[in-house]
Engineer: 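Can you read through this structure? Questions will come right after.
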Amino acid sequence: MNSRRGSHTLVFGMVMLVLLAVPIFAAPWLSLDDPLAMNAGARLARPSLEHPLGTDRFGRDLLTRTLHGGRTTLLSCGLALGSALAVGMLLGALAGMFHGSWFDIVLMRIIDVLLAFPFMVFAMVIAALFGTSLFHLLLAVVILWWVNFARLTRSIVLNTRKSTSVDAAFVLGISPLRILLKELLPQAFGPVLVLATFELGHLILAIAALSFLGLGSQPPSPEWGSMLADGRAHFMTTPHVLLGPALFIVLTVLAFNCIGEGLRDRIDPYEKHRI
Amino acid sequence: MGRRLLLTFLQTLMTVFAASIVLFALIRLAPGDPAKLLIGRTMEIALDERTYAKMLGEMRTEMGLTGSWFSQYLSWAGSLLRMDLGTSFYTQRAVAAEIGERLPATFLLAGTALLIQVGIGLLIGMLSALHAGTLLDTLVRLGCVLLASVPGFVIGLLLLLALAVKLELYAIGSEAGLSRLWLPALTLGLLGAPQMIRVVRANLLSELGQVYVQSALSRGLGTRRVVGHAMRNVLLSTITLIGLSLTASISGAVVIESIFAWPGLGEYALNGILHKDYPALQGYALVTVLSVVGIHLTVEALYVWLDPRITRRKKEAAHE
């Protein structure tokens with residue numbers, strides 16, 4: 001193993017992510033119980049060999065539900081963040097390229113306004129007006145979360161544009177679009193990837209919190225947040241009902257945070273772009 | 001200095017204005033007729049069609065739902081300026097009064113949490129920086145990464161389980177006073193602590209590498225006093241983070257208030273969602289937006305006031 005800064009953290013995070021992702025995405029093919037199958041005889045059973053994480057109030061196996069739920073949580077969070085990232089990078093790159101234009105000015109004012117809404121508050125308003133569902137939460141994510149990616153991409157494109165090589169490219173008559181795609185955007189990939197890794201962790205935590213309040217995915221479909229909301233009422237007497245989803249959330253976010261730390265040290269050792 | 005602040009203030013006003021348009025548009029875009037919601041489904045079934053239509057029309061006029069969107073917005077914004085946030089669908093009381101009753105509880109919670117967070121951050125961050133590279137430092141950093149990965153409600157529930165159920169140090173059912181405050185505040189403070197610790201550690205480390213520290217040490221000034229001087233500069237650079245933490249606490253308080261049944265704004269908003277109480281939620285969103293931009297503006301002003309270099313640099317730039 002090489003001894004570059006951050007490589008241990010990066011490897012640790014990656015290994016942890018793989019160890020979590022394999023059972024989660026292979027859950028349908030593993031010989032597990034049906035995540036929706038109820039068993040009145042084994043309600044709120046404590047962890048045992050048969051049910052390693054115990055059962056919930058309907059006697060459903062919590063390990064099965066946690067693994068199946070992980071797919072929904074990870075895929076939906078990944079998809080929402082991916083969309084936000086794409087939108088943010090595109091708009092940020094254009095704003096940086098045409099710095100000072102009306103597009104840039106309007107975009108920055110829109111960003112100012114969106115920054116005034118904390119995500120939790122905005123998501124709550126959306127949930128109240130349009131109904132409580134995971135889809136609406138993800139919609140709120142796409143509406144608000146592109147802002148950070150746009151700001152980061154804009155600042156990097158703006159900085160890179162000042163370099164002599166980019167001036168030379170302009171003088172040579174290369175089209176601005178080509179310069180943007182070939183010279184400027186690639187500079188942003190690294191920092192954006194680092195930001196995305198951290199933001200994915202934040203997003204999983206935020207979605208979990210909102211689902212815990214009952215504003216996310218609705219029962220009976222398994223999803224980490226809704227499982228937490230479901231187990232909340234029995235927590236004081238049988239705390240193990242929250243163990244599965246809580247543990248998986250902590251480990252997943254930890255994995256993403258470690259990957260983010262490792263990547264940051266690797267890509268940006270001098271912390272030029274403070275994230 | 002004054003001009004810079006005035007400019008920021010005007011920009012803030014624009015932001016608030018635009019945010020109010022966003023909120024207004026969202027409510028109009030929502031499916032379902034608020035007037036119908038307020039009258040209720042039972043009335044719709046019980047009354048004959050003509051009486052119901054007449055009642056609906058009257059309700060729309062009363063709620064300011066007639067006319068073009070533009071005039072609707074103007075009348076709504078006008079009432080906002082008079083501190084009138086509308087009437088709650090659910091309790092039939094003025095939203096502004098209801099929010100006013102709950103605001104102190106949330107501010108008290110967020111403020112106490114901030115004190116705890118800054119306290120932990122300064123203490124642990126300083127220890128970690130002064131012992132950089134040792135086992136203690138590594139443990140602190142590991143602890144920060146781990147703590148930052150735990151959802152707030154999990155920390156809250158674990159503390160509740162340990163301190164209220166097992167050790168019986170905390171009574172959740174008691175009067176909402178100071179004896180009820182410490183556990184939710186501690187939870188909220190712990191949530192923001194990792195970030196604070198890391199920033200204090202990083203800033204103190206970079207401060208200790210400065211020439212003034214080296215020269216003070218070489219002239220035989222005690223470590224304690226030198227660190228004291230360095231900490232003053234560290235404090236200055238944490239102001240932005242303190243502002244961000246305060247806004248995070250105000251919006252993140254929703255979950256903590258829900259777990260600890262703390263009668264603040266978050267709990268009010270959750271009830272609003274439950275009863276589809278649009279005005280209540282709109283009021284909540286507006287108040288949080290105002291707090292966010294207010295805190296942001298305060299941070300900006302504090303910076304200019306505390307760090308004369310910012311103003312001086314501007315002046316020098318103007319003379320050149």
Side-chain angles (χ1 to χ4, degrees), chain A residues 9 13 109-110 112-132 143 198 201-202 204-215 224-225 228-229 231-232 235-237 239 242-243 245-247 249-258 260-261 271 274, chain B residues 11-12 14-19 21-23 26-32 141 144-146 148-154 157-158 160-161 164-165 202 247-248 250-255 258-259 265-266 269-270 272-278 280-282 284-285 287-293 296:
Chain A
T9 330
R109 287 290 84 77
I110 292 176
D112 275 349
V113 175
L114 290 180
L115 281 177
F117 288 97
F119 173 68
M120 289 290 280
V121 176
F122 190 75
M124 282 167 75
V125 172
I126 295 281
L129 296 178
F130 298 89
T132 50
I143 296 176
F198 282 119
H202 291 156
I204 293 174
L205 290 182
I207 296 284
L210 288 160
S211 304
F212 176 74
L213 296 172
L215 306 178
W224 289 348
L228 293 167
R232 191 178 171 184
F235 174 72
M236 288 304 161
T237 45
L242 295 188
L243 184 66
L247 197 66
I249 288 175
V250 172
L251 291 178
T252 313
V253 178
L254 188 62
F256 280 122
N257 281 345
C258 288
E261 296 264 337
E271 295 199 332
R274 293 286 290 273
Chain B
Q11 230 169 28
T12 308
M14 286 297 288
T15 305
V16 172
F17 170 65
I21 293 182
V22 170
L23 275 178
L26 274 180
I27 299 234
R28 288 304 179 285
L29 282 173
R141 288 169 73 184
C144 284
V145 177
L146 191 65
S149 307
V150 185
F153 55 88
V154 171
L157 286 174
L158 285 178
L160 203 56
L161 187 70
V165 180
T247 51
I250 288 173
S251 62
V254 180
V255 183
S258 162
I259 293 174
L265 269 188
L270 283 178
I273 296 177
L274 198 67
H275 301 117
K276 285 218 160 266
D277 194 347
Y278 292 179
L281 221 68
Q282 202 172 28
Y284 166 70
V287 168
T288 42
V289 165
L290 278 180
S291 334
V292 169
V293 296
H296 188 79

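All figures in this text were calculated on a predicted structure; none of them were measured in a lab. Chain letters run A, B, ... following the sequence lines, proteins first, then strands; residues in each count from 1.
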Engineer: Go through the atoms of Leu215(A) and report whether side chain, backbone, both or neither lie under 4.5 Å from a heavy atom of chain B.
Structural biologist: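 Looking at Leu215(A), just its side chain touches chain B.
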
Engineer: Enumerate the side chain to side chain donor-acceptor pair (under 3.5 Å) contacts for residues 118-132 of chain A, please, sequence neighbours excluded, ordered by first and then second residue.
Structural biologist: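 For residues 118-132 of chain A: Thr132(A)-Gln218(A).
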
Engineer: Restricting to pairs with a member in residues 112-129 of chain A, which pass side chain to side chain donor-acceptor pair (under 3.5 Å), not counting sequence neighbours?
Structural biologist: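 Checked against side chain to side chain donor-acceptor pair (under 3.5 Å) - neighbours excluded - the pairs reaching residues 112-129 of chain A are Arg109(A)-Asp112(A).
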
Engineer: Report yes if some heavy atom in the side chain of Pro118(A) is under 4.5 Å from a heavy atom in the side chain of Thr247(B); otherwise report no.
Structural biologist: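 Counting from C-beta outward, Pro118(A) and Thr247(B) never come under 4.5 Å.
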
Engineer: If I measure from the heavy atoms of chain A, does Ser258(B) come under 4.5 Å with its side chain, its backbone, both, or neither?
Structural biologist: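 Contact with chain A: backbone and side chain both.
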
Engineer: With side chain to side chain contact (heavy atoms under 4.5 Å, CB included) as the criterion, how do Val125(A) and Tyr284(B) come out once you've worked through the C-alpha distance, each side chain's angles and the decisive distance to 0.1 Å?
Structural biologist: CA-CA 9 Å; Val125(A) 172; Tyr284(B) 166 70; 5.5 Å; no

Engineer: To check you understand the geometry: which heavy-atom pair defines the closest contact between Trp224(A) and Pro245(A), and what is its length?
Structural biologist: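 Here Trp224(A) and Pro245(A) meet closest at O-CB, 3.8 Å.
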
Engineer: Need one label for Phe122(A): side chain, backbone, both or neither, based on atoms under 4.5 Å from any heavy atom in chain B.
Structural biologist: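 Side chain of Phe122(A) only, per the 4.5 Å heavy-atom cut-off to chain B.
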
Engineer: Counting heavy-atom pairs under 4.5 Å with chain A, which one of Leu281(B), Val254(B), Thr288(B) comes out on top?
Structural biologist: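 Of the options given, most contacts go to Leu281(B).
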
Engineer: Who among Leu210(A), Thr252(A), Leu205(A) has the most heavy-atom pairs with chain B under 4.5 Å?
Structural biologist: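 Highest number of heavy-atom pairs under 4.5 Å: Leu205(A).
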
Engineer: Using side-chain heavy atoms (C-beta onward) and a distance below 4.5 Å, is Val253(A) in contact with Asn257(A)?
Structural biologist: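 Heavy-atom side-chain distance check passes, below 4.5 Å.
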
Engineer: Side chain from CB out, backbone as N, CA, C, O: work out which of these in Gln282(B) comes under 4.5 Å of a heavy atom of chain A, or both, or neither.
Structural biologist: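 Neither the backbone nor the side chain of Gln282(B) comes within 4.5 Å of chain A.
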
Engineer: Looking only at heavy atoms and a cut-off of under 4.5 Å, which of Val113(A), Ile110(A), Leu242(A) has the most pairs with chain B?
Structural biologist: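 Heavy-atom pair counts peak at Val113(A).
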
Engineer: So what's closer than 4.5 Å to chain A heavy atoms on Leu290(B): side chain, backbone, both or neither?
Structural biologist: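 It is neither, since no heavy atom gets under 4.5 Å.
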
Engineer: Side chains of Phe117(A) and Leu23(B): does their closest heavy-atom pair fall under 4.5 Å?
Structural biologist: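 Counting from C-beta outward, Phe117(A) and Leu23(B) do come under 4.5 Å.
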
Engineer: Provide the closest heavy-atom pair for Met124(A) versus Gly266(B) in the form atom of the first, atom of the second, distance.
Structural biologist: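 The answer is CE-O, 4.5 Å.
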
Engineer: What part of Val16(B) gets closer than 4.5 Å to chain A, counting heavy atoms only: side chain, backbone, both or neither?
Structural biologist: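 Neither the backbone nor the side chain of Val16(B) comes within 4.5 Å of chain A.
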
Engineer: Could you please spell out the steps behind the side chain to side chain contact (heavy atoms under 4.5 Å, CB included) verdict for Leu228(A) and Ile249(A)?
Structural biologist: CA-CA 11 Å; Leu228(A) 293 167; Ile249(A) 288 175; 3.6 Å; yes

Engineer: Under a 4.5 Å cutoff for heavy-atom pairs, which residue among Thr12(B), Val150(B), Leu157(B) has the most contacts with chain A?
Structural biologist: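 It is Leu157(B).
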
Engineer: Check each atom of Leu251(A) against the heavy atoms of chain B and say whether the ones under 4.5 Å are side chain, backbone, both or neither.
Structural biologist: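 Neither part.
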
Engineer: Evaluate the side-chain proximity of Phe256(A) to Ile204(A): yes if any heavy-atom separation is below 4.5 Å, no if none is.
Structural biologist: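 Yes - at least one pair of side-chain heavy atoms lies under 4.5 Å apart.
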
Engineer: Answer whether the closest heavy-atom distance between the side chains of Ile259(B) and Phe212(A) falls below 4.5 Å.
Structural biologist: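 Yes - at least one pair of side-chain heavy atoms lies under 4.5 Å apart.
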
Engineer: Which atoms of Val154(B) come close to chain A, meaning under 4.5 Å heavy atom to heavy atom: side chain ones, backbone ones, both, or neither?
Structural biologist: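 Side chain of Val154(B) only, per the 4.5 Å heavy-atom cut-off to chain A.
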
Engineer: Check each atom of Ile250(B) against the heavy atoms of chain A and say whether the ones under 4.5 Å are side chain, backbone, both or neither.
Structural biologist: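 Neither the backbone nor the side chain of Ile250(B) comes within 4.5 Å of chain A.
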
Engineer: Quick one: what part of Val293(B) sits under 4.5 Å from any heavy atom of chain A, side chain, backbone, both or neither?
Structural biologist: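 Side chain of Val293(B) only, per the 4.5 Å heavy-atom cut-off to chain A.
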
Engineer: At a 4.5 Å cut-off on heavy atoms, which part of Met120(A) comes close to chain B: side chain, backbone, both, or neither?
Structural biologist: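 Looking at Met120(A), just its side chain touches chain B.
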
Engineer: Using a 4.5 angstrom heavy-atom cutoff, name the option from Leu26(B), Leu146(B), Val145(B), Leu29(B) with the most pairs to chain A.
Structural biologist: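 When all of Leu26(B), Leu146(B), Val145(B), Leu29(B) are compared, Leu26(B) has the most.
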
Engineer: Non-hydrogen atoms of chain B under 4.5 Å away: do they reach the side chain of Leu114(A), the backbone, both or neither?
Structural biologist: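 For Leu114(A), no heavy atom lies under 4.5 Å from chain B.
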
